[in-house]
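If you read the sequence from its start, that first residue is 1, and numbering goes on from there. On a predicted model such as this, the values are computed, not experimentally measured, just so you know.
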Amino acid sequence: MTATQVETPLLRLPDFRNLYVAGAISQAGSQISYVALPLLAVTALSAGPAEVGLLSALSTLTVLVLGLPAGAWVDRVRRRPVMLATDLARALVLFSVPVAWWAGWLSMAQLYLVAMLVGAGTLFFDVASFSLVPGIVGRDRLTSANSLLVGTNSGMDVAGRSLAGVLVQTAGAPVAILLDALSYLWSAAWLRRVQEPVQAAPDTPRPPIARQISAGVRFVFGNPVLTAALLQGSLFNLAFPLCSVLLPVLIVDLLGLPEWVLGAYLAAGGLGVLAGSSSAHLLGRRLGTGRAVWMVSLVTSPAAFVIPFLDRGPLLWAATAAWFVLTFRTGINNVLLVSLRQRVTPDEMMGRMTATMRLLLMGAVGIGGLLAGVLGELWGVRAPMWLGALILAVSWVPILFSPLRREP
């Protein structure tokens, strides 16, 4: 990267700006479906806790099957065409939901399939996107770039989830999902303007893909900093869906509150991520990456014990505030740990590192969703929230006892 580029504001770099806008549009639409899909299952198909938990889990469990091959494959090809193809595929898959609903064919089986296919598309899109950012902005600007990307995505979370609650209540969940499908088309239009940096051809023939996958796994688990980040993130990602997957059942079905309340509650989480991502650069610079991550995690984890008390009246406000605090931690971690992972990984290993991390991190989300559904069926919707709070309370320990604690 030249000196001129270093001094140029990130959003004045055309390729980063186009990637940034595409991601923001896509994220806003995705958050609409994040709210609308489970609400459609609950309100139109009378789904119970187990079905809602499975629906949430299937969107992430596809990572367990495709995660490692996705990383090795993305390291072999140009990243922008992968992102374009997955945007178009996700638009088509989501468009099938309102069509089926209007035709009277909609079923839980279709929603399960949609969740799996959209999850697969998101996997390939995200692996390619994370691998593309360092080449566009340079490694010395990764924290600033990720802070901007995560912060804006969080803003889109707020807008998307708030809009989703209103849309579902006024126009219906199928219309909300249709808007998500259109958002992927708009994202693809912006991605067409991104000029991907040219990568030098390898001097030697590429090894078989299985050997490349193995090398990526060894790289992650051979680096104690990456291993600690992975353990911490896996615990957090296991606990988070335990606290959140059954919220549509609790808020809309059991408490009888309108859909916009669920949207507003989840939007508070988007504001928390936005606040955390906006603060991450400053905290990382003053405390160091490692100290900032584990100290913020330690201080915010007790807020999870408020979530199971969610009810009408003041307890709803208290749970919303606790949700904001927990997602503030998410914003800090998303910026600092993603930037750290990108800094310590060479370009030729970036896709495989990202896919290996994502395999376990998103696998934990999927397992948490399944566990939430099972526990909700057996002992009620608040039982998984208590388990999630307990896991969150200790999720910072892997960083405290690892070299990551001392990372600048």
Trainee: Rounded to the nearest 0.5 Å, what's the gap from CE on M385 to OG on S244? Could you check?
Mentor: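 One gets 8.0 Å once the value is rounded to the nearest 0.5 Å.
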Trainee: Taking side chain as C-beta onward, heavy atoms only, is R79 less than 4.5 Å from S129?
Mentor: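 When only atoms from C-beta onward are counted, S129 and R79 do not touch, as no gap falls below 4.5 Å.
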Trainee: Would you mind reporting whether I391 and L242 have side-chain heavy atoms less than 4.5 Å apart?
Mentor: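 Yes, side chains in contact.
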Trainee: Walk me through whether L262 and L257 qualify under side chain to side chain contact (heavy atoms under 4.5 Å, CB included).
Mentor: CA-CA 8 Å; L262 174 63; L257 295 169; over 6 Å; no
Trainee: Taking it one step at a time, do R382 and D311 satisfy side chain to side chain contact (heavy atoms under 4.5 Å, CB included)?
Mentor: CA-CA 11 Å; R382 299 182 194 272; D311 208 328; 4.0 Å; yes
Trainee: Take atom CZ of F219 as the centre, draw a 6.0 Å sphere, and report whether it contains more than 12 heavy atoms from other residues, nucleotides or ligands.
Mentor: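 Counting neighbours around CZ of F219, more than 12 heavy atoms of other residues, nucleotides or ligands fall under 6.0 Å, so yes.
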Trainee: CH2/W323 to CG/L271 distance, rounded to the nearest 0.5 angstrom?
Mentor: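 Answer for the CH2-CG pair, W323 versus L271, is 13.5 Å.
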Trainee: Could you report the tightest heavy-atom contact between V114 and S96, atom names first, then the distance?
Mentor: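 Answer, listing the atom of V114 first, then S96: CG2-OG, 4.0 Å.
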Trainee: Does the side chain of F240 come within less than 4.5 Å of T327's, by heavy atoms?
Mentor: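 T327 vs F240: side chains touch.
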Trainee: If you measure from CE on M357 to CG on L360, what distance do you get to the nearest 0.5 Å?
Mentor: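 Answer for the CE-CG pair, M357 versus L360, is 8.5 Å.
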Trainee: Taking the side chain as everything from C-beta on, heavy atoms only, tell me whether Y184 gets closer than 4.5 Å to I25.
Mentor: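 A side-chain contact under 4.5 Å is absent here.
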Trainee: Can you label the angle between the W386 ring and the F309 ring as parallel, tilted or perpendicular, going by 30° and 60°?
Mentor: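 Perpendicular: the ring planes of W386 and F309 meet at over 60°.
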Trainee: Nearest heavy-atom pair of S297 and N333: which atoms, and what distance?
Mentor: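 Closest approach of S297 to N333, heavy atoms only: OG-ND2, 4.0 Å.
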Trainee: Any side-chain heavy-atom pair from L231 and S234 closer than 4.5 angstrom?
Mentor: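 Of all side-chain heavy-atom pairs linking S234 with L231, none is under 4.5 Å.
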Trainee: Looking only at side chains, do S395 and R329 share a donor and an acceptor under 3.5 Å apart?
Mentor: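 Side chains of S395 and R329: pair found under 3.5 Å.
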Trainee: Identify the heavy atoms of L84 and A188 that sit nearest to each other, and give their distance.
Mentor: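 Of all heavy-atom pairs spanning L84 and A188, the closest is CD2-O, 3.2 Å.
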Trainee: Determine, for W190 and R192, whether the Lys NZ or Arg CZ falls below 6.0 Å from the six-membered ring centre while staying within 45 degrees of the axis.
Mentor: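 Cation-pi check for R192 and W190: fails.
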Trainee: What are the two closest non-hydrogen atoms of C243 and I307, and how far apart are they?
Mentor: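 Nearest pair, atom of C243 first, then I307: O-CG2, 3.8 Å.
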Trainee: Shortest non-hydrogen contact from P49 to G376?
Mentor: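 Looking at all heavy atoms of both residues, the shortest contact is CB-C, 4.2 Å.
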Trainee: Where do L361 and G233 come nearest, in terms of heavy atoms and distance?
Mentor: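 Scanning both residues completely, I find the closest heavy atoms to be CD2-C, 3.4 Å.
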Trainee: Do R90's NZ or CZ and the ring of F125 fall within the cation-pi criteria of under 6.0 Å and 45°?
Mentor: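 Here R90 passes the 6.0 Å and 45° test against F125.
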Trainee: If we ignore hydrogens and angles and just use 3.5 Å, is the side chain of S301 paired with the main-chain N or O of L392 as donor and acceptor?
Mentor: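 Yes.
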Trainee: For the CG atom of L178 and the CG atom of L182, what is their distance to the nearest 0.5 Å?
Mentor: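 The CG atom of L178 sits 5.0 Å away from the CG atom of L182.
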Trainee: Starting at CG of L310, measure out to CG of L246 and round the result to the nearest 0.5 Å.
Mentor: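 Rounded to the nearest 0.5 Å, the CG-CG separation comes to 12.0 Å.
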Trainee: Compare all side-chain heavy atoms of E51 with those of L54 and state whether any distance is below 4.5 angstrom.
Mentor: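 Counting from C-beta outward, E51 and L54 never come under 4.5 Å.
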Trainee: Does a side-chain heavy-atom distance below 4.5 Å link T345 with N223?
Mentor: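 Contact flag for T345/N223 side chains = no.
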Trainee: Quick one: OG1 on T289 to CG on L404, what's the gap to the nearest 0.5 Å?
Mentor: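 Those atoms lie 8.0 Å apart.
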Trainee: Walk me through whether L337 and Q232 qualify under side chain to side chain contact (heavy atoms under 4.5 Å, CB included).
Mentor: CA-CA 10 Å; L337 293 182; Q232 184 273 159; 3.6 Å; yes
Trainee: Who passes side chain to side chain donor-acceptor pair (under 3.5 Å) against S187, sequence neighbours left out?
Mentor: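 Side chain to side chain donor-acceptor pair (under 3.5 Å) check on S187 returns D87.
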Trainee: Please examine the side chains of I177 and L40, heavy atoms only from C-beta on, and report whether any two atoms are closer than 4.5 Å.
Mentor: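 They are in side-chain contact.
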Trainee: Under the side chain to side chain contact (heavy atoms under 4.5 Å, CB included) criterion, do F328 and S279 qualify, and how do the steps go?
Mentor: CA-CA 9 Å; F328 176 85; S279 309; 4.0 Å; yes
Trainee: Check whether the side chains of R343 and S339 place a donor and an acceptor atom closer than 3.5 Å, and report yes or no.
Mentor: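 Distance-only check fails for R343 and S339.
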